[in-house]
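Just below is one structure, and these are the notes that go with it.
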Amino acid sequence: MGVSAASILNRLLSRKNLTARSEFTDANAATSTILRYLEEGRLGKAVLILFNSPFPFPHTLYTRLFQLCSSTRALVEARKVESHLATFCPTPPIFLLNRAIEAYGKCGCLKDARELFDEMPQRDGGSWNAMITAYTQNGYALEALNLYLDLNKSGVYATEVTLASILRSCGSVLALHFSRQIHGHIVKCGFVGNVILESSLVDVYGKCRLMNDARSMFDEIQNRNDVSWNVIVRRYLEVGNGKEAVSMFFQMFRESLMPSSFTFSNALIACSRMAALIEGGQIHGIVVKVGLEENEVISSSLIDMYVKCGTLANAHQVFTQPSSRNLISWTSMVYAYATSGDVLKARELFNEMPERNVISWNAMLAGYIHSSQWEEALEFVHLMRSSIKDIDRTTLCLILNVCTGSSDVERGKQVHGFVYRTGFYANLYIGNALLDMYGKCGNLKSAKVWFYQMSQWRDKVSWNALLTAHARHGMSEQAMTIFSEMQLETDPNNFTFATLLGACANMFALEHGKQIHGFMVRNNYAIDIVLTGALVDMYCKCRELKYALKVFEHVASRDVVLWNSIILGCCHNRRDMLAIKLFQLMTMEEGIKPDHVTFQGILLACLHENLVELGRKYFDSMSEKFCVIPRLEHYECMVELYGQHGNMDELEKFINNMPFDPTVPMLERIFNACREHGHSRLAEWVAIRLNEQNFPK
DNA sequence: ATAGGGTTAG
């Protein structure tokens, strides 16, 4: 090891003694001047006086100096203070050297800290703690743990302070076994009741994702404080148990403790992830009540919570308060509009932003992709490239999504090249986006080659992407093979099953479909509402309505999408009266609001059964009763229904009241109906229109 | 004298 910085200063200092004339000749005057500077926070001045005074100072002054060096992270000054101490105080007390170690640690200079620690003629427990803490606080967890082992070997007893520091290091490297030993040690040494140690244990177990251990430790803490609660809420959030995170947040109030701003935002993130609007709103209420609405982080979290719950109006309300307008919340709002389909509004907001970063740009880009505006997306990418220097892996994934959406394999290959050159290729997200691009664009060969190249680091998502590629291109047989290969490497998830079932439905592959269904049941997969829909679709498409109904009946809750699946499935299997019956069950008994897809099914059923009266009744009920604006396909269905039934007067009235011009297929259908059932006035009207279509003026 | 959690956007 070379000459230390401190010792150089040291020599400098002793030479200076001989030549420089100090302003102060007595320690008392110098001390009070230094103290004055310290009080004013002028560390540099204080150290200058110290350095120019060739005599020792009281220990308390050195303490104060080291403390200020620590809090302001002033490394050079810390070295000067240490040299002065070493020069004029031949045997400095251990506690002062400990303060020096601490200062070096706070300055991030582990080398100086360790050098001093190693060179100390004598150490006390505080020296070990200062050094261990220095390692811990600078992220050198393994060094901290090693030093703890040395401490044990040297016969020094670890104190509560030591253990707190060590537990923090354990947490950062997930040293579970070590932590359990420390836990035992804490119990053995009678440190139970120390809330810091116990909260740290909760923290370590939580970081190791052992929430049962974390929770039972938490429950044992007698005098929990806000940090203890923050830890448990945060760890529940991190393991994906948002429900428990939020529940714990509310339980905190029973102990009359006030959550810190960290805990507020952690609880709000949990609400965001679960789209728990009610709980989120309650937390908002508390935020207002305790006067934290102006807190920038909390209001940003509130905005994002409302955004993720899909209540843009609420989000906007919070966003209007000036204190909540920052880069982050602004980006949340852009993202909200961008992904809710209002790209124009998003862009407007984006243009108004006082500052933007790559995340804001990505949020806007995601909007164009969300609404399949590939041209606009590409244009935006160009603008982005000329406006900001850095793009990141998310940008690259988004650009790949644009290639996927617009089936632009050529551009996708260019991105692949860029990704390769810039070293982004080893990123799993990008790797999977590339795979998805090749797969969905139908370049299955490239997809397979890339998938093979990813073999060392691919994951479940990669397998699902490969599966989707084959399923989408009608290769359900190969998809089934991939499914069995996949199981050698990873477990399938709901996405896998939904993809496979979709493939089976498209191929009418009932046997494969049944196999998948059986697999899910045998392996106890939770069949959620999406998978139920996929099963219903598959059985309906494969003409096994019996099974579809069975699946449908056994599900706990049904949303409108699931009802639509079964209703359309009934129509598909020509069980139209059943479809109508199910519609009544859905609207009357379960109180589910039908949407435009539901009515497509219902009108189709009426058409199949030639129920013109009922069809009209349902059509009218759409806007009158259910607030569903009829779309083109509904009008088409009605035209078909009237035409088929020969209600020519009604058809004429209907077509005249239509809010948009009839399409050519519609006109042709009407014309044929006129020919069949006879209605010269309508026939003439249609003929003129058709003629206009063929020979525009 | 020395110790724990550390929050917001794609």
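Proteins come first, then strands; the chains are lettered A, B, ... in the order of their sequence lines, and each starts at number 1. Basis for what follows: all heavy atoms, side chains included, without hydrogens, waters or symmetry-related copies. Computed from a prediction, not measured in an experiment: that's the story for all the values here.
- Taking atom CZ of residue A:Phe191 and atom C1' of nucleotide B:dT2, one finds them 14 Å apart after rounding to whole Å.
- A:Phe253 meets the ring-ring contact (aromatic ring centres under 6.0 Å, His included) test with A:Phe249; sequence neighbours excluded.
- For A:Tyr205, the ring-ring contact (aromatic ring centres under 6.0 Å, His included) criterion is met by A:His183, not counting sequence neighbours.
- For A:Glu376, the side chain to side chain contact (heavy atoms under 4.5 Å, CB included) partners two or more places apart in sequence, or in a different chain, are A:Tyr368, A:Gln373.
- With sequence neighbours excluded, the residues satisfying side-chain hydrogen bond (donor to acceptor under 3.5 Å, both in side chains) with A:Thr263 are A:Asn230, A:Ser260.
- Screening residues 156-183 of chain A for salt bridge (charged side-chain N to carboxylate O under 4.0 Å, His left out), with sequence neighbours left out, gives A:Arg180-A:Asp213.
- Annotation: side chain to side chain contact (heavy atoms under 4.5 Å, CB included) contacts of A:Asn351 (sequence neighbours excluded): A:Arg347.
- Within residues 383-405 of chain A, the residues approaching DNA chain B are A:Asp392, A:Thr394, by heavy-atom distance under 4.0 Å.
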Open item on the list: So if I define the base as every atom that isn't primed, P, OP1 or OP2, how would nucleotides 3-9 of chain B read as a B/S/- string at a heavy-atom cutoff under 4.0 Å?
Closed with: BBBBBBB

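- Checked against ring-ring contact (aromatic ring centres under 6.0 Å, His included), A:His370 has no partners two or more places apart in sequence or in another chain.
- The aromatic ring centroids of A:Tyr148 and A:Trp128 lie 6.0 Å or more from each other.
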